[in-house]
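Structure first, then comments.
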There are 2 protein chains.
Amino acid sequence: MSAENAAPAKKPSRIQLRNRKKILEAALDVFSQHGYRGATLDQIAEQAGLSKPNILYYFDGKEAIHVTLLSKLMETWLDPLHEMDPNGEPLDEICAYVRRKIRMSRQFPRESRLFANEILQGAPRMAPHLESDLKPLFEEKCAVIREWMKQGKINKVDPRHLIFSIWATTQHYADFEAQVTVLTPGEKDIIKGAESYLDTLFRNLLTP
Amino acid sequence: MSAENAAPAKKPSRIQLRNRKKILEAALDVFSQHGYRGATLDQIAEQAGLSKPNILYYFDGKEAIHVTLLSKLMETWLDPLHEMDPNGEPLDEICAYVRRKIRMSRQFPRESRLFANEILQGAPRMAPHLESDLKPLFEEKCAVIREWMKQGKINKVDPRHLIFSIWATTQHYADFEAQVTVLTPGEKDIIKGAESYLDTLFRNLLTP
DNA sequence: CTGCTTTTTTACCATTTGGTAAATTGACGA
DNA sequence: TCGTCAATTTACCAAATGGTAAAAAAGCAG
């Protein structure tokens, strides 16, 4: 009868909305930098400019904050793949997907690292989401790509590995930023170069 | 006069050797799964089959264990890149490097995740190593590759992004194993397929 | 302004965690 | 066999951490 969801009861007040947003924003900062177990409520509280008990007034606990964050993130994360159009020009569709992904790496590096942290540690709080949200989309798009290959529009490779390599190469710039920064000093926008490199990489792979 | 290093004094006894190894092995397990802050000495102690104070008898503290682990790892990690021979056949050298890296992903997934965890969190305890060990090697090999390109042996691309993409694609199978497993169920050795896919990927990129 | 609800603060807890001191046991050469 | 040093255990800490209860303050409809 009652919803035991993130939204406690009925209509979230103006204050609720504002403070929840502040908390999630702060939590994204802290979780993405230290991982789930390394993050503390005190850090999140300070970053959000609220007291710890006040944070626990808005969320049921540390884990609830993390789960909320991951759930919201999942949509954003799958969007670029969703946009891949089965009726478009295959090579263009795939290259456009790569471009969207690399741009997300620049625009949402914290989200990328939050995701990476969770997967790295075995996805303990996200396995269900992977199974229910990511997997069906992944299989759908694999089928689309496989069809394109069957029609001779692009070269034949294992579509699963193709997608893995797109994820890996694009997210690398956010997830391993610390390393990239050490190795390419003085480069103000290394991702710009990555964009054209990755375009070449996947174009050469898939062009017959 | 006395060394405050990992080796306390003079000649490590048989017991010292055995127990240090047990501790590092256990720590690799725990740190690679939970990250630095998420790992506890109690977990490491239990995994190693020793008591917590006994572990602190062999190492100066949690951080010392982690640093020791990362230092030893660095060698192993750079080896495959070191082996890339400036006098070999360019395309073969690069593809052989890719093969060595992907095999390390299968053989040393914990090491890969330990490394990834550290970099993800900004490399707080490894930045010096990156600067002193990784960077010179990276720049050396970039120069080698650039020379190969200048000679027209392989296609011209930014060698830095080339290396980044090799690291990203190969380490992906260890670091994101939880995700890969969900998306490719029943596959007993997905890395085997990755090996041939990545060979095609980089061969098509670099073949003139 | 008044009374009621929502929000925030204050003051605490219980547990976990990295670490230590000192006592106890074990190894081993003379 | 004994004495000495290395290794291990026992018994603790102090700080950090996730979380709670209840009082105080702030909003706000009437």
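Only this structure's heavy atoms are used, side chains among them; waters, hydrogens and symmetry mates stay out. Each chain gets a letter, A, B and so on, in the order the sequences are listed, and its residues count up from 1.
For Lys22(A) and dT8(C), the NZ to C1' distance is 12 Å, given to the nearest whole Å. Whole-Å rounding puts the Asn54(A) CG to dG19(D) P distance at 15 Å. Put simply, CD on Glu46(B) is 17 Å from C1' on dT9(D), counting in whole angstrom units. Between the P atom of dT6(C) and the CZ atom of Arg20(A) lies a distance of 14 Å, rounded to the nearest Å. The distance between atom CD1 of Ile55(A) and atom C1' of dT9(C), rounded to the nearest whole Å, is 14 Å. As rounded to whole Å, 7 Å separates atom C1' of dG18(C) from atom CG of Leu56(B). Atom CG in Leu17(A) sits roughly 11 Å away from atom P in dT7(C) (whole-Å rounding). Rounded to whole Å, atom C1' of dG19(D) lies 12 Å from atom CD1 of Ile65(A).
Look at Arg14(B) and you won't find any side-chain N or O under 4.0 angstrom from OP1 or OP2 of dA27(C). Contact annotation: Tyr57(A) reaches the phosphate of dT7(C) (side-chain N/O to OP1 or OP2, under 4.0 Å). Look at Gln16(A) and you won't find any side-chain N or O under 4.0 angstrom from OP1 or OP2 of dT6(C). Note on Ser51(B): a side-chain N or O is less than 4.0 Å away from OP1 or OP2 of dT9(D).
Under 4.0 Å is where a charged nitrogen must lie from a carboxylate oxygen, and between Asp189(B) and Arg106(B) at least one such pair does. Using a 4.0 Å cut-off between charged side-chain N and carboxylate O, Arg110(B) and Glu25(B) make a salt bridge.
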Run Phe59(B) and His66(B) through ring pair (Phe, Tyr, Trp, His ring centres under 6.0 Å) and show every step you take. CA-CA 10 Å; Phe59(B) 287 90; His66(B) 195 242; over 10 Å; no
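Taking the centre and axis of the six-membered ring of Trp77(A), the NZ or CZ atom of Lys101(A) falls inside the cone set by 45° and 6.0 Å.
Of the listed nucleotides (dT9(D), dT9(C), dC28(D)), dT9(D) has the atom at the smallest distance from the side chain of Pro53(B). Here dT8(C) is the nucleotide among dA27(C), dT8(C), dG19(D) with the atom lying nearest to any side-chain atom of Ile15(A). Residue Asn19(B) has its side chain nearest to dT8(D) when only dT8(D), dC28(C), dT7(C) are considered.
No hydrogens or angles were tested; on distance alone, a donor-acceptor pair under 3.5 Å links the side chain of Lys52(A) to the base of dG18(D).
When only modelled atom types and interatomic distance are considered, Tyr97(A) and His82(A) share no side-chain donor-acceptor pair under 3.5 Å. If you check the side chains of Asp158(A) and Tyr197(B), you find no donor sitting under 3.5 Å from an acceptor.
Counting non-hydrogen atoms under 4.0 angstrom, Arg18(B) reaches nothing in the nucleic acid.
Within a 6.0 Å radius of CD in Glu46(B), no more than 12 heavy atoms belonging to other residues, nucleotides or ligands are found.
Residues from residues 23-44 of chain A placing a heavy atom under 4.0 Å of any atom in DNA chain D, listed by number, are Ala39(A), Thr40(A), Leu41(A).
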